[in-house]
Amino acid sequence: MNQFKHVLKKSKNIIVVAGAGLSAASGIPTFRGKGGMWRKYDALTLATPEGFAENPSLVWQFYHYRRETALKAQPNAAHVALARFSLSSIRESIAPGSTFTLITQVCDLRMETPVIRCRSIARKQPLLPEQGQVEGSDPGINVDGLSPLALEKVMETVEATDREDARKPKIVEMHGRLFDVKCTSCDHVEFNRSSPICEGLAGTEILVEKNVMDPEIPRISLPRCSSCGALARPGVVWFGETIPNVDDIDAIVEDADLCLVVGTASTVYPAAGFAEQVQKNGGNVAVFNIDHSAGDKKADFLFLGPCQDLLPQALG
Ligand code: BJW
Ligand code: ZN
């Protein structure tokens, strides 16, 4: 831990690549581990565009259940540690002059806060919106999340200048958002955290919990686009779909000299390749996972244990 803190202190561009394990202590099931969703449900049926085309009713029930679970969850100590560390006044005493970006694969997001809109991020520049590298940094942008919610909570406890800093975007949600709803026909995307999202899905979360989903909710009773009326879909990134703005994420990873890999099995690409990319560029990798995960033998630091215990120690 002391050696890690020494490396942290001299790092200039710090990224965190987070997975489902980050939210595990908040009561949100992971995908592949013990109690993981892909052990109980079929990923190809529920998390691919083909699965949705085949049976949108089934897919919507699964995502309705996920939305309802996420709405009840609260950030845990790992989210809070990351949120605190994202504030430059706090980070300054630990890693002077560094930048910080949380690249999260976690879609269980549910809070208003700024996120990085990747399109205009320049390389080799700190991620400061007033310098023009970040588009869409308006604090009014809606995203929903435990990491953003942690940031909001931390903001309440700090000075006014830090609150300004906390409004600067530091989070990239690379697999989309559970509470975004996308039209299957036009370009319309809307943030929607209604519970339930529509009457047709009300109460079906209990069926999903028991793994007895009703395959036949009529399409007309599923969420519809508020602009054109066509069938809507969850605004997440499914297998086989491209990651929005992947080149800009790549630029952030390319600039990083320290990568913290938190609560991810590191099996889903491109996120699974980010740590290796940082190491190839001469940077360091620290893995925080409750169990062994892919590639952790190559890590410079391996912290085996719950991230809600270890991250506060490592970043405190
Ligand atoms: C704790 C803990 C605690 C528990 N403390 N730890 C290169 C090679 C081969 C294949 C590909 C490739 N490039 C792309 C692909 C195809 C594909 C892919 O990677 N497939 C693999 C299965 C091999 N990737 C894609 O399709 C991606 N698109 C893409 O790359 O486009 C271009 C392209 C397409 C096709 C071919 C080639 C190029 C898109 C991936 C989208 C993933 N979507 C999902 C669902 C999102 C929506 C939703 O939420 O439903 O994203 S799948 C699911 O997996 C979700 C997660 O974000 C993602 C990663 O899972 P994660 O976070 O690692 O969770 P778990 O459960 O696996 O692990 C949890 C970990 O936490 C465990 O290790 C625990 O031990 C740990 N843990 N409690 C610390 N308290
Ligand atoms: Zn539409």
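All values derive from a computational prediction rather than experimental measurement. All ligand and atom numbering here is 1-based and tracks the order in the structure.
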Query - ligand 1 N/O within reach of A265 N/O, cut-off under 3.5 Å - result: yes
Report summary line: In terms of its nearest heavy atom to atom 72 (C) of ligand 1, the top option of N289, L22, T30 is N289
Report task. Would you mind running through ligand 1 and noting each atom that sits below 4.0 Å from a heavy atom of W238? Result -> 39 (C), 41 (C)
Report task. Report yes or no: does G36 have a heavy atom closer than 4.0 Å to ligand 1? Result -> no
Query raised in the report: Are any of the N or O atoms of G263 closer than 3.5 Å to those of ligand 1?
Result: yes
Requested in this report: Please determine, by modelled atom types, if T104 and H175 share a side-chain donor-acceptor pair under 3.5 angstrom.
Outcome: no
Report task. Could you tell me whether some N/O pair between V236 and ligand 1 is separated by less than 3.5 angstrom? Result -> no
Query raised in the report: Is there at least one protein heavy-atom neighbour under 4.0 Å from atom 37 (C) of ligand 1?
Result: no
Query raised in the report: Centroid-to-centroid, F62 to W238, below 6.0 Å?
Result: no
Report task. Could you tell me which atoms of ligand 1, counted from 1 in the order shown, lie closer than 4.0 angstrom to a heavy atom of E241? Result -> 27 (C), 28 (N), 29 (C), 31 (O), 39 (C)
Report summary line: Among non-hydrogen protein atoms, atom 56 (C) of ligand 1 lies closest to F31 CE1, 3.5 Å
**Report entry** Nearest-neighbour protein heavy atom for atom 48 (C) of ligand 1, which is reported as residue plus atom name and distance
**Finding:** R66 NH2, 3.3 Å
Query raised in the report: Can you get from Y63 to V189 by hopping between Ile, Leu, Val, Met, Phe, Trp and Tyr side chains that sit under 4.5 Å apart?
Result: no
Query - Residue pair D291, L304: steps toward the side chain to side chain contact (heavy atoms under 4.5 Å, CB included) verdict - result: CA-CA 6 Å; D291 209 339; L304 278 182; 5.6 Å; no
Report summary line: ligand 1 atoms nearer than 4.0 angstrom to some heavy atom of A24 are 78 (N)
Report task. Please determine, by modelled atom types, if Q277 and D250 share a side-chain donor-acceptor pair under 3.5 angstrom. Result -> yes
Report summary line: atom 63 (O) of ligand 1 has as its nearest protein heavy atom T264 OG1, 2.7 Å
Query raised in the report: More than 12 foreign heavy atoms under 6.0 Å from NZ of K40: is that the case here?
Result: yes
Query raised in the report: Under a 4.5 Å cut-off applied to non-hydrogen side-chain atoms, are P29 and M37 in contact?
Result: yes
Query raised in the report: Does a side-chain N-to-carboxylate-O contact under 4.0 Å join E241 and R233?
Result: yes
Query raised in the report: Within less than 4.0 angstrom of ligand 1, does G240 place any heavy atom?
Result: yes
Requested in this report: Answer with yes or no whether the hydrophobic clustering places F31 together with Y65; edges join I, L, V, M, F, W, Y residues whose side-chain heavy atoms lie under 4.5 Å apart.
Outcome: yes
Query raised in the report: Taking the six-membered ring for Trp, are F239 and W38 parallel (under 30°), tilted (30 to 60°) or perpendicular (over 60°)?
Result: tilted
Report task. For Y63, take its heavy atoms, then give the atoms of ligand 1 lying under 4.0 Å from any of them. Result -> 47 (C), 48 (C), 50 (O)
Query - Which residue and heavy atom of the protein sit nearest atom 45 (C) of ligand 1, plus the separation - result: V237 O, 3.8 Å
**Report entry** Exercise check, heavy-atom protein proximity under 4.0 Å to atom 10 (C) of ligand 1
**Finding:** no
Query raised in the report: Is it the case that T264 and Q105 place a side-chain donor and acceptor less than 3.5 Å from each other?
Result: yes
Requested in this report: Walk me through it: do F4 and F303 pass the test ring pair (Phe, Tyr, Trp, His ring centres under 6.0 Å)?
Outcome: CA-CA 10 Å; F4 169 76; F303 296 103; 5.4 Å; yes
Report summary line: Nearest non-hydrogen contact to atom 52 (S) of ligand 1 from the set F62, Y41, F239 belongs to F239
Requested in this report: Give the residue, atom name and distance (to 0.1 Å) of the protein heavy atom nearest atom 24 (N) of ligand 1.
Outcome: Y269 O, 3.1 Å
Query raised in the report: Heavy-atom contacts under 4.0 Å between T267 and ligand 1: side chain, backbone, both, or neither?
Result: backbone
Query - Atom indices of ligand 1 within 4.0 angstrom of P270 heavy atoms, with elements - result: 30 (O)
Query - Test item: side-chain donor near acceptor, N281 and E254, under 3.5 Å - result: yes
Query raised in the report: Considering only heavy atoms from C-beta outward, does the side chain of I94 approach that of L8 to under 4.5 Å?
Result: yes
Requested in this report: Please identify which atoms of ligand 1 are closer than 4.0 Å to at least one heavy atom of D291.
Outcome: 75 (O)
Query raised in the report: Is it true that atom CG of D187 has more than 12 heavy atoms of other residues, nucleotides or ligands lying nearer than 6.0 Å?
Result: no
Query - Proximal ligand 1 atoms for G19, defined as those under 4.0 Å from one of its heavy atoms - result: 62 (O)
Query raised in the report: Under 4.0 Å from atom 70 (C) of ligand 1, do we find at least one protein heavy atom?
Result: yes
Report summary line: So the atoms of ligand 1 within less than 4.0 Å of a heavy atom of A20 turn out to be 61 (P), 62 (O), 64 (O)
Requested in this report: Pull up every protein N/O/S atom sitting under 2.8 Å from the Zn ion (ligand 2), skipping waters.
Outcome: C183 SG, C186 SG, C225 SG, C228 SG
Requested in this report: Check for a donor-acceptor pair, side chain of R224 on one end and backbone N or O of R219 on the other, with a separation under 3.5 Å.
Outcome: yes
Requested in this report: For K5, look at atom NZ and say whether over 12 heavy atoms of other residues, nucleotides or ligands are found less than 6.0 Å away.
Outcome: yes
Query raised in the report: Are V16 and L311 linked, directly or through other ILVMFWY residues, by side chains that come within less than 4.5 angstrom of each other?
Result: yes
Requested in this report: Starting from atom 5 (N) of ligand 1, locate the nearest protein heavy atom and write down its residue, its atom name and how far away it is, to 0.1 Å.
Outcome: C307 N, 2.9 Å
**Report entry** Contact bool for atom 33 (C) of ligand 1 (protein heavy atom, d < 4.0 Å)
**Finding:** no
Query - Residue and atom name of the nearest protein heavy atom (relative to atom 6 (N) of ligand 1), distance in Å to one decimal - result: I290 N, 3.2 Å
Query - T101 side chain near I103 side chain, heavy-atom distance below 4.5 Å - result: yes
Query raised in the report: When you measure from atom 59 (C) of ligand 1 to every protein heavy atom, which one gives the shortest distance, and what is it?
Result: Q105 OE1, 3.3 Å
Query raised in the report: Has the side chain of S98 got a donor or acceptor atom that lies under 3.5 Å from a matching backbone atom of A95?
Result: yes
Report task. Using distance alone, determine whether H175 and ligand 1 share an N or O pair under 3.5 Å. Result -> yes
